[in-house]
Amino acid sequence: MGDFVNIFIKSAFIENMILAYFLGMCSFLAVSKSLQTAFGLGLAVIFVLGITMPINWLINEFLLVNFEVEFLRFIVFIAVIASMVQLVEMVVEKFSPGLYAALGIFLPLITVNCAILGGSLFMVTREYTLGESVAFGLGGGFGWFLAIIAIAAIRERIRYSAVPPALRGLGMAFLLTGLMGLAFLSLSGIDPAVFGGYTPSK
Amino acid sequence: MATTTETKIVEKEPWFSKKERVLMTDPLLDNNPITIQVLGVCSALAVTSLVYPSVVMSIAVVFVCAFANLFTSLLRNMIPKAVRLIVQLVIIATLVTLVNEALKAINYPIYKQLSVYIGLIITNCIVMGRLEAFAMANKPWRSFLDGIGNGAGYGLILIVVGFFRELFGKGTLLAGSPVPMFIIGSGDDYWIDTTTPGQWGNTFFGWYANNNLMVMSVAAMFIIAVLIWWQRSRNPKLVDIS
C-alpha cells in the first residue's frame, strides 16, 4: 500500500505531468483562461487517465508482449484511448447529464492530450505493475488537475495587471508556468531519495 | 482585318513558385507553430536540455509532419467525415512507429534518451492541427511543403531553446553527437578553460560557473517566453488582445 501512496505522491507533485514533463501543454495553455473550465478539464483528465492506464496495462501485458508485437504499441494505445474517451463520453451522457454538460466539450479533446498517451508510455518504460499503474494514472491526473487550476486562477487575476503588450496572453502564460515549475521543485523535498532521480530532461 | 493567332500558353506552375515557398517560410517566423499557433508545445520541450536530441527530434517531426500531410491529402476525398480523426491518427501512428523503429536501429543511445517523446509525436498537436487545417483541403504537393514548413518551424524553436540551455547549462554544444563542441567549462577539453591556473580562460573567465537553472526543464518555458516577447515586440500585429 505504501508503494501506491508513494507513486501517487511522486507522480502528482514531484514528477508533475505538466511542470516536469510538459505533457498536455496545449490544452493546458488553451483552456486555462477561466477557472471554471479548467476545473472541468482537470476532472476529465483524472478520470480518463485513471481508466485508460489499467486497460492499456492489461493489453500491453497480455496481448502485445505475449504475442511479441510491441511495435504495434503506439497504434493500439491511441486506439484504446480514443475509444475509451468515446465510451466514457457515452456512459457519462447516459448516467450523469449534469457532469456531461460540465465536461461536454473537453472530453473529446482529451484524446489528443499528450498526458494520457504519455502516461501509458511511461507506464511501459518504467515497468509498473497493474496496481502501480492505477496509482500512477490517478496521481498524474491529480497533478495535472492541480497545475491547471493554479495557473487558471493566476491568469484570471493577472488579466487586470499592467503586463507589457508583447508579453500579454501567451508569453505571460509561459512565464507563469515556468515559475510554477520552480515552485513545484521545492516539493521534491518530500522524499530525498526521489530527489536524486529528478531532472527528467537529462 | 488582321487576326492574331492566339497561342494558348498553358502556364504550368513551377514546383517552387513564390506561393509554394511562402508555405515553407511562413511557419518559420511569423506563423510559427509554437510561439504563434500554440500547437505542439506538449511533447518535446523536455528533450531540449541538449542540442543533439533536439535536432533528432526536429528531424523526426519534420518527417512525420510532411508525410502525414502528404498521405492525408492524397486520401482526403475518400475519408468519410465521421471517422476522419481516427484515419488521421492511424496515419500518424504508423509514421511514428516507423520513425521509432528506425531510430532504435540506427542510434540506440539517442533513442533511449528521447524515450517516450518520440511516441508522443502522435499526440503532437502540430501534426494533427496541420492535417485538419491544411491537408484536408489542399493538394498533396502543397500539403507536403506545408508539413515540412511547420515541422521546421517547430524544430527551429527546439534547436534555439536547446542551444541556450546547453551552452549556459553545461558549457557544451552538440554533446553526444559525432561533432561535440566543448565551449566553456573546467578542464583541458574546453575551448575556454576556466579552472587551470595560468590559462587565459582562467584569467578572464575564472568567475564563470554553469547556470543550473538552464538544466532544469522550467528553463525552456522562460526561454520560449522571451522568444515570444521578442517576436511580438518586433511585430506588434501578433500581440494577443485577450
Option from B:Leu120, B:Ile121, B:Thr97, B:Leu89 for which side chain to side chain contact (heavy atoms under 4.5 Å, CB included) with A:Phe74 holds: B:Thr97

Candidates B:Ile228, B:Val226, B:Ile223 - the one meeting side chain to side chain contact (heavy atoms under 4.5 Å, CB included) with A:Phe174: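 Output: one option passes, namely B:Ile228.
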
Mind listing the closest non-hydrogen atom pair of [X] and [Y] along with its distance?
X	Y	answer
A:Gly178	B:Val218	O-CG1, 3.4 Å
B:Ala225	A:Gly171	CB-O, 3.7 Å
A:Ala20	B:Ser217	O-OG, 3.5 Å

Largest heavy-atom contact set with chain A, pairs under 4.5 Å, which of B:Pro53, B:Gly119, B:Ser233: B:Gly119

Which portion of B:Ala219 sits near chain A, non-hydrogen atoms under 4.5 angstrom: neither

Segment of B:Ile92 engaging chain A (4.5 angstrom heavy-atom cut-off): neither

Residues of residues 61-69 of chain A contacting chain B, heavy-atom criterion under 4.5 Å, by residue number: none

Members of residues 131-149 of chain A whose heavy atoms come closer than 4.5 Å to chain B: none

Partner set under ring-ring contact (aromatic ring centres under 6.0 Å, His included) for A:Phe122, not counting sequence neighbours: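 Listed in chain order: A:Tyr21.
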
If you round to the nearest 0.5 Å, how far is [atom2] of [Y] from [atom1] of [X]?
X	Y	atom1	atom2	answer
B:Thr94	A:Ile75	OG1	CD1	4.0 Å
B:Met221	A:Met25	CE	CE	3.5 Å
B:Thr123	A:Leu23	OG1	CG	8.0 Å
A:Leu19	B:Met216	CG	CE	13.0 Å

From CA spacing to verdict: side chain to side chain contact (heavy atoms under 4.5 Å, CB included), A:Phe22, B:Thr48: CA-CA 11 Å; A:Phe22 301 118; B:Thr48 54; 6.0 Å; no

Partners meeting side chain to side chain donor-acceptor pair (under 3.5 Å) with A:Tyr128 (sequence neighbours left out):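 By the side chain to side chain donor-acceptor pair (under 3.5 Å) rule, A:Tyr128 matches A:Arg126.
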
Side-chain heavy atoms of B:Arg232 within contact of A:Leu170, under 4.5 Å: yes

Flag if over 12 foreign heavy atoms under 6.0 Å of CZ, B:Phe164: no

Atom CH2 of A:Trp57: over 12 foreign heavy atoms under 6.0 Å: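 Result for CH2/A:Trp57: enclosed.
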
Side chain, backbone, both or neither of A:Leu179 within contact of chain B (heavy atoms, under 4.5 Å): both

